[in-house]
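Naming convention: chains lettered A, B, ... in sequence-line order (proteins, then strands); numbering from 1 in each chain.
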Amino acid sequence: MRFLKGLLIPFVVLAIWYTGSKSGIWNSFILPSPVQTFETGQYLITSGILLKHVLISLYRVFAGFALAFLLAFPLGIILGMKRQLIDYFELIIEFVRHVPPLATVPMLILWFGIGEISKLVVIVLASFFPIFLNTLDGVLRCDEHLLEVGESFGFAARDRFKYIIFPATFPYILMGMRLGLGYSWRALIGAEIIAATAGIGYMILDAELLSRPDIMIVGILTIGILGTLIDFVFFRITNVFVIWKEGEKTQNGWG
Amino acid sequence: MRFLKGLLIPFVVLAIWYTGSKSGIWNSFILPSPVQTFETGQYLITSGILLKHVLISLYRVFAGFALAFLLAFPLGIILGMKRQLIDYFELIIEFVRHVPPLATVPMLILWFGIGEISKLVVIVLASFFPIFLNTLDGVLRCDEHLLEVGESFGFAARDRFKYIIFPATFPYILMGMRLGLGYSWRALIGAEIIAATAGIGYMILDAELLSRPDIMIVGILTIGILGTLIDFVFFRITNVFVIWKEGEKTQNGWG
Amino acid sequence: QKSSKTSDNNPATDKSSKLSAINITYVKSPLNVPSIVEKQKGIVEKEFAKEGLQINYPEITSGAKQTEALAAGSVDICNAVGGTSCILAASNGVDLKIISMYSRAPKAFMIITKSPNIKTIADLKGKKVAGPKGTVLHQMLLTALVKNNIKPEDVEHVAMEQPAAVAALINGSVDAVLAAGGSAEQAIKAGGRVLINGEGLVDGASVVAVSGKFLKEHPDFVKRFKQVHLASLQFIKDNPEEAYKMGAEQLGITVDEVKRMYSWYDFDPTIKPSDIQELKNTQDFLINTKMQTKTINIEDLIAEVK
Amino acid sequence: MAGVRITGLSKRYVIGKEAFFALEKMNLFIEDGSFTAIVGKSGCGKTTLLRLLCGLEEKTSGDIKFINRGSESNGSDEMRIGIMFQEPRLMPWLTIRENIAFSLFPKQKEIKKDADRHLQTLGLELFKDAYPWQISGGMAQRTALGRALYYDPDIILMDEPFGALDYFTRKKLQNEMVSLFLNQKKTFVFVTHDIEEAVYLSEKVIVLEAGRIVQELPVELPYPRKTNSPEFLNITEGIYKAIIA
Amino acid sequence: MAGVRITGLSKRYVIGKEAFFALEKMNLFIEDGSFTAIVGKSGCGKTTLLRLLCGLEEKTSGDIKFINRGSESNGSDEMRIGIMFQEPRLMPWLTIRENIAFSLFPKQKEIKKDADRHLQTLGLELFKDAYPWQISGGMAQRTALGRALYYDPDIILMDEPFGALDYFTRKKLQNEMVSLFLNQKKTFVFVTHDIEEAVYLSEKVIVLEAGRIVQELPVELPYPRKTNSPEFLNITEGIYKAIIA
Ligand SMILES: Nc1ncnc2c1ncn2[C@@H]1O[C@H](COP(=O)(O)OP(=O)(O)OP(=O)(O)O)[C@@H](O)[C@H]1O
Ligand SMILES: Nc1ncnc2c1ncn2[C@@H]1O[C@H](COP(=O)(O)OP(=O)(O)OP(=O)(O)O)[C@@H](O)[C@H]1O
Ligand SMILES: [Mg+2]
Ligand SMILES: [Mg+2]
């Protein structure tokens with residue numbers, strides 16, 4: 001039922017798309033009809049082409065995201081727990097946070113070559129900051145009252161982290177991770193601009209080059225649907241952790 | 001003092017850059033020496049070229065960000081307060097959240113032309129989600145105990161928002177806004193790919209095309225420094241609002 | 001005055017009087033001096049000032065994006081777009097007409113290597129070559145390989161944009177790059193060596209294209225635009241130093257460099273039979289490499305407004 | 001001024017897999033302008049009852065009817081019900097004075113003098129500009145009390161309002177409460193642990209046990225009451241016995 | 001087991017632009033294995049003193065020395081100080097049972113039987129798997145008490161541990177406290193509002209007023225004490241007078 005409600009808007013969009021294409025309101029070259037897109041999609045799926053691209057991109061998204069998480073999460077925790085360190089990192093992190101990763105592609109190639117590393121770096125650059133900033137924010141905003149409980153029991157830093165900060169900050173970390181994973185998907189195009197020969201981002205770029213908007217749209221739909229699905233799975237898993245939060249609050253997808 | 005600490009890492013980076021360039025460790029065609037970059041920067045500044053680009057990009061960043069905020073903030077609040085609506089929007093928002101804005105450029109051109117609107121849409125697409133999701137998250141996580149106080153006093157929805165949800169959610173909104181503004185800067189390249197004739201993103205793209213890495217680096221530095229500065233100003237202003245939060249918590253930049 | 005007359009008589013060109021703004025793509029690199037001169041001197045503006053026509057120069061460099069914008073109606077004239085992009089777009093249903101040639105410059109397109117072991121095309125066997133896919137450069141590579149009896153599969157073509165490709169060459173990630181104009185200069189300055197250029201392989205043609213609809217509705221405008229373009233070429237001929245200087249400024253290189261490279265370019269707008277043949281070759285290349293699926297009639301693509 | 005008629009009220013909660021009734025088939029009539037005290041062991045359902053009364057909790061079954069100027073209604077549209085929670089629940093971003101005036105923020109442009117009067121009565125005038133994290137537990141509780149009073153409700157529900165207060169402050173505020181009751185004739189529902197306090201303040205003491213009313217004891221002594229009078233001690237004794245039984 | 005020697009202890013707070021002393025030049029000796037009660041009006045500095053004792057607050061001046069097996073030290077390295085806060089401060093993500101065992105999470109792989117014993121004593125066994133938002137105010141306070149006890153500290157600081165409890169539960173837990181004290185001879189520092197409770201439990205009652213000790217009253221009655229004995233009432237009376245003065 002919840003799912004059906006969610007399909008309402010996509011359905012309306014599809015209907016508009018269909019009628020618009022049928023009546024030729026918009027240019028069929030740039031926005032091909034749903035029928036044509038569907039046929040192309042069918043072809044790409046049955047021929048296994050889409051799967052090949054998807055698998056490679058999935059790998060990149062997850063590897064890049066995992067890397068970003070491995071960097072951002074500890075850094076967020078450490079800076080949150082040792083606040084005097086923040087001063088040292090603040091400027092440089094703020095700087096990098098604002099720089100468009102696309103602008104750094106030539107430098108990435110110079111330093112990391114044209115292999116997987118450069119591509120992963122682009123994804124890391126995209127997903128690092130939501131994870132890092134939300135984690136740090138969560139730690140900084142962790143309820144002082146609960147932290148004092150740990151302090152009064154003489155908890156060492158790592159125990160304060162493990163038993164108080166982590167569970168208390170978990171919802172923030174989660175939000176950061178969800179945002180970060182979303183940005184990993186979004187960074188696919190930027191990443192696969194770098195000498196890729198496969199991947200959904202490459203497929204879209206290549207389709208643009210070859211003036212195949214139908215393939216582009218299949219690519220966009222694939223990323224959107226796949227990303228949403230994975231986020232849902234991710235959320236279902238994490239939902240389990242958050243049962244303690246006042247019941248109703250975890251009912252909805254963005255909880 | 002705090003500021004000096006922050007300069008430590010940038011200074012080390014600069015030193016590495018300088019010695020590396022001097023000893024020719026890396027290729028000066030892709031990473032020109034700091035001296036050359038500095039000279040180029042000087043030229044771009046004194047000739048007024050940089051300023052022209054900066055002003056246009058500033059306008060785009062702020063207009064795009066403002067637009068994103070005007071969409072994301074109310075939507076986050078409304079969905080947070082009327083949770084039954086979430087079901088309708090969840091799927092479509094999740095979908096869009098994962099789609100790389102770069103992939104949609106042809107469609108943006110189809111619908112919005114090659115003028116400012118398309119460029120702003122790219123920026124909106126980039127900064128909408130952190131604002132929206134953090135706001136929504138804040139509202140959903142708003143302390144039930146405090147909300148009950150408003151309920152017990154018969155507050156109407158708008159008063160509950162104005163007097164409880166907004167102040168309580170403010171730190172979240174802030175985090176979303178800061179992330180969102182950061183992504184606005186990052187989206188400049190993507191935005192100014194669309195038939196721009198000025199702007200820092202254009203300057204970088206153009207420099208890449210003309211093989212002028214020194215200009216590219218000046219552009220990157222400009223975005224990074226400007227973005228950081230504006231974030232600081234933004235933060236200083238907002239800091240004023242958050243005095244109530246247990247003292248030390250607002251001391252540091254990412255608080 | 002002539003144009004206003006036709007528009008009075010011909011209902012098809014009725015809208016030409018209503019034209020208020022024209023969008024002409026502005027592509028300055030690799031060395032499009034005519035475009036630079038046209039824009040800098042405001043030659044087109046002057047011609048259409050009487051009608052109060054506003055001329056915009058959106059900078060869309062990528063061929064694919066130019067044809068997209070043309071299809072979307074955001075751009076009226078693609079001034080300097082690669083033949084490949086036009087053929088691909090047209091074969092996928094974009095209503096597009098080539099109204100004249102923009103340039104031919106076989107010498108401007110090069111394969112550059114840093115490796116001392118690569119001395120001839122034959123040495124590319126088993127190597128990595130980076131460069132933009134589906135372009136003249138790509139066509140040049142494949143033509144050269146075929147000419148040297150190397151199977152295209154034996155060379156790994158890494159698809160990337162030119163600046164990125166040059167970075168990859170410098171970094172040693174690839175053995176050779178396909179480059180033109182500034183990127184080629186960059187590669188050479190960074191220690192690269194020209195293995196071959198496009199001479200005898202490809203013409204490296206870029207063309208001027210408009211949408212079929214636009215052509216039908218404003219044939220007059222198109223005609224006059226072509227004349228203006230000829231005037232710009234004449235201007236360059238008459239004032240070469242001034243033109244080179246403008247080019248150098250806009251491209252961020254020295255006047256000498258402009259001068260040297262300018263000699264590689266043939267900006268004659270006339271569509272010659274050889275140009276048509278070249279476009280056909282290009283289509284063959286696209287079909288052979290499976291980038292294009294539907295063959296089109298090249299002659300239909302050409303609409304010379306005399 | 002308003003009364004409440006509670007009939008067959010039940011509230012069921014689920015913890016883990018087990019369900020139980022926090023309130024079970026409760027019948028109670030709270031008279032217009034009366035002072036009712038509710039006592040009972042920790043966990044017997046006192047807070048649950050108050051929450052149901054002011055509509056913060058959905059009832060499982062039964063009926064709550066409000067009687068306002070003679071007519072009964074389900075909602076509380078025409079009258080104000082104010083609750084003072086068991087925890088202070090202050091807004092951390094507001095000063096003490098602002099917290100006290102909070103309930104009428106939507107209706108008043110400026111904080112009325114009332115706020116200062118309450119600050120005075122509650123002994124908080126020196127701390128009126130402090131933020132919640134700067135005051136002591138008892139002060140926070142007094143602030144919460146001030147907030148409930150400032151709202152000036154027809155029915156005022158209080159959940160252990162003096163639990164965190166020392167003997168003297170408590171005594172003083174008890175007397176304030178009595179004079180407020182005598183002067184304004186509001187309807188008071190007052191949860192407390194202190195049986196002496198219940199008898200000192202209320203006209204009727206309700207003894208709850210495991211979600212049921214086990215005793216309703218009217219206290220027919222004139223105000224101000226003397227805690228060491230034999231009648232007083234008698235009633236107190238009776239309640240102790242009722243709870244133990 | 002450990003004692004504390006406090007000399008010239010002051011704590012200064014700033015609210016807005018005004019500074020004041022929450023504690024001022026306090027001298028106090030808390031004997032090893034003694035039971036000290038602290039009473040005083042709301043806001044007099046009781047909580048501040050406890051927070052200073054367990055190192056959660058920086059002192060402005062003065063000295064706190066811990067005496068452990070005869071030797072004095074500044075830190076509390078070798079001994080455990082446990083505090084029960086004025087608010088429950090339970091971890092919302094843990095069940096009641098887990099909250100009780102929380103203090104030793106870093107040291108124990110499994111929750112010991114002790115936790116169940118405390119659940120039993122505190123009357124929480126039925127709610128051991130509930131989460132904090134599912135229990136009543138008094139239950140939360142008992143959980144916090146259980147947590148402090150499970151930690152098994154040498155010095156146990158309690159900030160109004162029974163404030164939210166009804167008379168009977170309170171009585172029961174007071175007696176538990178006495179038997180704990182008699183059996184284990186820990187050092188107890190116990191803040192309360194209830195003067196009777198202070199006299200019932202402690203060996204010494206400290207009366208605080210505005211950050212200063214105004215009275216130190218030894219209670220030399222044998223345990224268990226009778227609250228209606230003349231000596232008991234006598235001492236209680238004395239304290240009331242000390243506070244009023
Ligand atoms: N963080 C702080 N900043 C400023 N003032 C504070 C702070 N903490 C406590 N105070 C002040 O110190 C004084 C003593 O507070 P404390 O909490 O010790 O009182 P208390 O004796 O425990 O009172 P109660 O019985 O109400 O809990 C109060 O006036 C309080 O406002
Ligand atoms: N949200 C909830 N979910 C499940 N059980 C609840 C919930 N709220 C209260 N309860 C249970 O309902 C019962 C009554 O709780 P209530 O808060 O009314 O007690 P109380 O009489 O106010 O106790 P106290 O004097 O300790 O505050 C308790 O057993 C409690 O565990
Ligand atoms: Mg209660
Ligand atoms: Mg206190």
Note to self: At a heavy-atom distance under 4.5 Å, which candidate from G45(D), P88(D), S136(D), A22(D) has the highest pair count against chain E?
What the structure shows: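 Greatest number of close heavy-atom pairs with chain E: S136(D).
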Leading residue by heavy atom contact count with chain D [cutoff under 4.5 Å; candidates [options]]:
options: K46(E), E87(E), Q86(E); answer: Q86(E)
options: G123(E), A130(E), A164(E); answer: A164(E)
options: D129(E), L165(E), T47(E); answer: L165(E)

Next item on the list: Drop me the distance from Y167(D)'s OH to E196(E)'s CD, to the nearest 0.5 angstrom.
Entry: 10.0 Å
Checklist line | Sidechain-backbone polar pair: D166(E) side chain, H193(D) backbone, donor-acceptor under 3.5 Å | finding: no
Checking heavy atoms, do the side chain of [X], its backbone, both or neither come under 4.5 Å from chain D?
X: Y13(E); answer: neither
X: Q134(E); answer: both
X: R170(E); answer: neither
X: S42(E); answer: both
X: V39(E); answer: neither

Notebook entry, point to check: Just wondering, do I15(D) and F127(E) contact through their side chains at under 4.5 Å, heavy atoms?
Noted result: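 The answer is yes; the side chains approach within 4.5 Å.
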Check: Do other residues, nucleotides or ligands put more than 12 heavy atoms under 6.0 Å from K41(E) NZ?
Finding: no
Next item on the list: Could you check whether the rings of Y240(E) and F168(D) sit parallel, tilted or perpendicular, using 30° and 60° as the cut-offs?
Entry: perpendicular
